[in-house]
Amino acid sequence: MRIEMREGYEGTGPGAITPDGCAVELYSRLPVGEEPDIITAAVPAGARILELGSGVGRMTHPLLERGFKVTAVDDSAEMLERVRGARTICGPIEHLDLGETFDVVLLASFLVHAGDAEVRRGLLRTCVRHVAAGGCVLIQREGEDFHANVPRERADPSGFTVRMVSAEPVGDGVDSVRAEYVFPDAVWTQTFLSRPLTKDQFEGALAEAGLRVASYLTPDRIWVRAVAVAAD
């Protein structure tokens with residue numbers, strides 16, 4: 001069965017491809033990076049985490065192992081089938097309303113750079129709606145040269161190569177970005193829409209949603225801890 005891709009999104013390679021071009025098998029293969037350590041250092045031990053855009057659980061599983069209680073949300077049932085040990089919820093993140101709050105809301109995978117500004121606003125409203133008083137929202141931004149430094153490639157020590165092939169403007173401040181993941185036995189590609197955000201634009205988007213930056217967690221400012229303005 002062929003799924004209907006979102007306009008501006010495409011994915012190729014073995015296995016199921018989600019409507020935004022993500023390959024389930026690819027994300028099951030990608031290694032865990034430093035993200036769980038960054039998150040662990042920024043939040044209280046044993047915190048309840050709402051992970052928005054969990055995918056196959058690449059970060060979910062390490063967070064569970066560290067003692068966090070994770071609710072994993074994704075709009076792909078195929079992705080969520082790979083998640084083990086967490087409560088899972090399938091549906092569009094930008095419309096999520098669970099009627100409960102969490103110590104930490106996690107918006108990773110550069111989702112804040114959604115090409116559609118209304119989707120971005122919906123994502124951030126979901127964050128605000130679900131963060132508990134005194135809690136925080138952790139956001140992963142694109143690197144500040146993400147769109148300019150192309151083409152580029154990185155050979156991962158685990159044995160595959162990731163290439164950012166191009167970032168082409170398509171209007172309204174949005175780029176069409178193409179990535180390739182080359183493994184010894186398979187190749188996957190993904191094309192997606194992304195809106196570059198300067199530091200000021202990013203902070204302005206947060207402010208519009210009722211959030212503010214509490215701290216940048218990494219020197220490259222990719223990882224951000226934000227809090228609700230109402231909590232000030």
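We're numbering straight along the sequence, starting at 1. Note that the structure is a prediction, hence the values are computed from the model and not measured.
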key: Check against side-chain contact (heavy atoms from CB on, under 4.5 Å), Glu203 and Thr198   = CA-CA 8 Å; Glu203 292 181 0; Thr198 65; over 6 Å; no
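- At distances below 3.5 Å, at least one donor-acceptor pair connects side-chain atoms of Arg152 with backbone N or O atoms of Phe146.
- In this structure, the side chain of Gln190 engages the main chain of Asp20 through a donor-acceptor pair within 3.5 Å.
- The nearest pair of heavy atoms linking Ala72 to Ser54 is CB-OG, 3.4 Å.
- Of the candidates Val70, Val131, Leu50, Phe102 forms a side chain to side chain contact (heavy atoms under 4.5 Å, CB included) with just one, namely Leu50.
- Side-chain heavy atoms closer than 4.5 Å link hydrophobic residues (I, L, V, M, F, W, Y) into clusters, and following such links, possibly through other members, connects Val128 to Leu197.
- In this structure, Arg29 is not positioned above the aromatic face of Phe160 in the sense of NZ or CZ being under 6.0 Å from the six-membered ring centre and within 45° of the axis.
- Between the side chains of Thr218 and Asp220, a donor-acceptor pair is found at a separation under 3.5 Å.
- Distance check, rounded to the nearest 0.5 Å: CD1 of Ile139 to OH of Tyr216 gives 9.5 Å.
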Can you list, pair by pair, the side-chain donor-acceptor contacts under 3.5 Å of residues 38-45, counting residues two or more places apart and other chains?
from: Thr40; atom 1: OG1; to: Pro36; atom 2: O; distance (Å): 2.7
from: Thr40; atom 1: OG1; to: Arg66; atom 2: NE; distance (Å): 3.4

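- Ion pairing of Arg58 with Glu35 is present here, as a side-chain N (NZ or NE/NH1/NH2) and a carboxylate O approach within less than 4.0 Å.
- To the nearest 0.5 angstrom, Arg82 atom CZ is 14.0 Å from Tyr27 atom OH.
- Residues Met59 and Val32 have side chains not in contact (no heavy-atom distance under 4.5 Å, counting atoms from C-beta outward).
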Validation: residues 110-127 side-chain donor-acceptor distances under 3.5 Å, sequence neighbours left out:
from: His113; atom 1: ND1; to: Glu142; atom 2: OE1; distance (Å): 3.4
from: His113; atom 1: ND1; to: Arg195; atom 2: O; distance (Å): 3.0
from: His113; atom 1: NE2; to: Glu142; atom 2: N; distance (Å): 2.9
from: Asp116; atom 1: OD1; to: Glu118; atom 2: N; distance (Å): 2.8
from: Glu118; atom 1: OE2; to: Arg121; atom 2: NH1; distance (Å): 2.7
from: Arg121; atom 1: NE; to: Glu208; atom 2: OE1; distance (Å): 3.3
from: Arg121; atom 1: NE; to: Glu208; atom 2: OE2; distance (Å): 3.0
from: Thr126; atom 1: OG1; to: Ile93; atom 2: O; distance (Å): 2.8
from: Thr126; atom 1: OG1; to: Gly122; atom 2: O; distance (Å): 3.1
from: Thr126; atom 1: OG1; to: Arg129; atom 2: NH2; distance (Å): 3.0

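- Both Leu138 and Leu64 are part of a single hydrophobic cluster, where members link through side-chain heavy atoms under 4.5 Å apart.
- Among all heavy-atom pairs drawn from Ser176 and Val170, the shortest one is CB-CG1, 3.7 Å.
- Two residues are said to be in side-chain contact when any heavy atoms from C-beta on lie closer than 4.5 Å; Phe68 and Asp103 fail this criterion.
- When all heavy atoms of Ile17 and Ala23 are compared, the pair lying nearest together is CD1-CB, 3.6 Å.
- When only modelled atom types and interatomic distance are considered, Ser76 and Asp74 share no side-chain donor-acceptor pair under 3.5 Å.
- Residues Leu80 and Val73 do not share a hydrophobic cluster, clusters being chains of Ile/Leu/Val/Met/Phe/Trp/Tyr side chains in contact below 4.5 Å.
- For the atom pair CD1 (Ile89) and CG (Leu96), the distance works out to 6.0 Å, reported to the nearest 0.5 Å.
- Under the 4.5 Å side-chain heavy-atom criterion for ILVMFWY residues, no single connected hydrophobic cluster contains both Ile222 and Leu206.
- Counting heavy atoms from C-beta outward, Ser194 and His147 have side chains that approach closer than 4.5 Å.
- Atoms OG1 and CZ, on Thr71 and Arg48 in that order, are 6.0 Å from each other to the nearest 0.5 Å.
- Glu78 and Ala16 get closest at one heavy-atom pair: CG-CB, 4.3 Å.
- Considering only heavy atoms from C-beta on, Thr18 stays 4.5 Å or farther from Tyr9 through its side chain.
- Glu180 places no side-chain N or O within 3.5 Å of a backbone atom of Thr189 that could act as its donor or acceptor partner.
- Cluster membership check: Phe202 shares its hydrophobic cluster with Val137, using side-chain heavy-atom separations under 4.5 Å among Ile, Leu, Val, Met, Phe, Trp and Tyr.
- Residues Val105 and Leu52 meet the side-chain proximity criterion, which asks for heavy atoms closer than 4.5 Å.
- In this structure a side-chain-to-backbone donor-acceptor pair under 3.5 Å is missing from Asp175 to Val177.
- The shortest non-hydrogen separation linking Pro196 to Gly173 is CD-O, 3.2 Å.
- If you take CG on Leu30 and CH2 on Trp188, they are separated by 9.0 Å, rounding to the nearest 0.5 Å.
- Summarising the geometry of Glu25 relative to Pro14, their closest heavy-atom pair is CB-O, 4.2 Å, with the distance given to 0.1 Å.
- Within the 4.5 Å cutoff, side-chain heavy atoms of Cys136 are placed close to those of Val104.
- Distance CG/Leu193 to CZ/Arg6: 10.5 Å, rounded to 0.5 Å.
- Residues Val162 and Asp156 fail the side-chain proximity criterion, which asks for heavy atoms closer than 4.5 Å.
- Side-chain contact check for His130 versus Thr101: every heavy-atom pair is 4.5 Å or farther apart.
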